[in-house]
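Remarks on the structure that follows.
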Amino acid sequence: QVQLVESGGGLVQAGGSLRLSCAASGRTGSSYAMGWFRQAPGKEREFVAAISWSGGSIFTADPVKGRFRMSRDNAKNTVYLQMNSLKPEDTAIYYCASPNRQYYSGTYYNTDDYDYWGQGTQVTVSS
């Protein structure tokens, strides 16, 4: 049973930083693409960032480009989202997600690209 578990959310003042983690378990190998999405109250879930199975390609949504950076540690089956210069509009529940096959080479920006989702971690940025 595949599990994705996020951690690292919390309350932070505008301009502050947080680092989210997502640990994957329950599957063989570590060559899986991973993505981060977020969902604010009353809004649809939106793409934040994704990283290819090798870590060689990283994709970041325009609203967070230059402030957020995604990385991975395959030895730990964990991905990270470093969030700097946080703004109140970054307030949302953040979810990590993954396709169900290794060496994924499709698109990364849509929720339909992913098969497994974590439970989410709340990020609240106060002004």
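Under the side-chain contact (heavy atoms from CB on, under 4.5 Å) rule, Thr111 has a single partner from Glu46, Arg45, Glu44, which is Arg45.
For Gln102 against Thr28, the heavy-atom pair with the smallest separation is NE2-O, 3.6 Å. Leu4 approaches Cys22 most closely through the heavy-atom pair CB-SG, 4.0 Å. The two residues Ala14 and Pro88 come nearest to each other via the heavy atoms CB-CD, 4.1 Å. In terms of heavy-atom proximity, Asn77 sits nearest to Ser30 at OD1-CB, 3.0 Å.
Distance check, rounded to the nearest 0.5 Å: CD1 of Ile51 to CZ of Phe59 gives 9.5 Å. Taking OH of Tyr95 as the start and CD of Gln39 as the end, the distance is 5.5 Å to the nearest 0.5 Å. Going from atom CZ of Phe68 over to atom CG of Leu18 covers 9.0 Å, rounded to the nearest 0.5 Å. Between Leu20 atom CG and Met70 atom CE the span is 10.0 Å, to the nearest 0.5 Å. Annotation: the span from Tyr104 atom OH to Ser52 atom OG amounts to 12.0 Å, rounded to 0.5 Å. Going from atom OH of Tyr116 over to atom CE of Met34 covers 12.0 Å, rounded to the nearest 0.5 Å.
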Next on the checklist: Please determine whether side chain to side chain contact (heavy atoms under 4.5 Å, CB included) holds for the pair Phe47 and Phe37, giving the CA-CA distance in whole Å, both sets of side-chain angles, and the decisive distance to 0.1 Å.
Outcome noted: CA-CA 4 Å; Phe47 171 78; Phe37 285 73; 3.8 Å; yes

Item to check | Test log, rule side chain to side chain contact (heavy atoms under 4.5 Å, CB included), inputs Gln13 and Leu86 | outcome: CA-CA 8 Å; Gln13 288 189 331; Leu86 282 160; over 6 Å; no

Checklist entry - When you look at Met83 and Val48, which way does the side chain to side chain contact (heavy atoms under 4.5 Å, CB included) test go after all the steps? => result CA-CA 11 Å; Met83 306 187 296; Val48 175; over 6 Å; no

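When the side chains of ILVMFWY residues are joined at heavy-atom separations under 4.5 Å, either directly or via intervening members, Val5 and Trp117 end up in two distinct hydrophobic clusters. Residues Tyr94 and Tyr109 do not share a hydrophobic cluster, defined by chaining ILVMFWY side chains whose heavy atoms lie under 4.5 Å apart. Both Trp36 and Val2 are assigned to one and the same hydrophobic cluster, defined by single-linkage of ILVMFWY side chains at heavy-atom distances under 4.5 Å.
In Arg27, the CZ atom is crowded: over 12 heavy atoms of neighbouring residues, nucleotides or ligands sit closer than 6.0 Å.
For Ala23, the side-chain contact (heavy atoms from CB on, under 4.5 Å) partners two or more places apart in sequence, or in a different chain, are Thr78.
Formation of a donor-acceptor pair under 3.5 Å by the Ser98 side chain with backbone atoms of Ala33 is found in this model. A distance-only check finds a donor-acceptor pair linking the side chain of Glu6 to the backbone of Gln119 [under 3.5 Å]. With Tyr108 contributing its side chain and Tyr114 its backbone, the two residues share no donor-acceptor pair below 3.5 Å.
Contact of the Arg38 side chain with the Pro63 side chain is registered, since non-hydrogen atoms from C-beta on lie closer than 4.5 Å. Looking at Gln122 and Thr91, their side chains come closer than 4.5 Å, going by heavy atoms from C-beta outward.
A cation-pi arrangement is present between Arg19 and Tyr80 under the rule of less than 6.0 angstrom and at most 45 degrees off the ring axis.
Between Lys87 and Asp90 no salt bridge is recorded (no basic side-chain N to carboxylate O distance below 4.0 Å).
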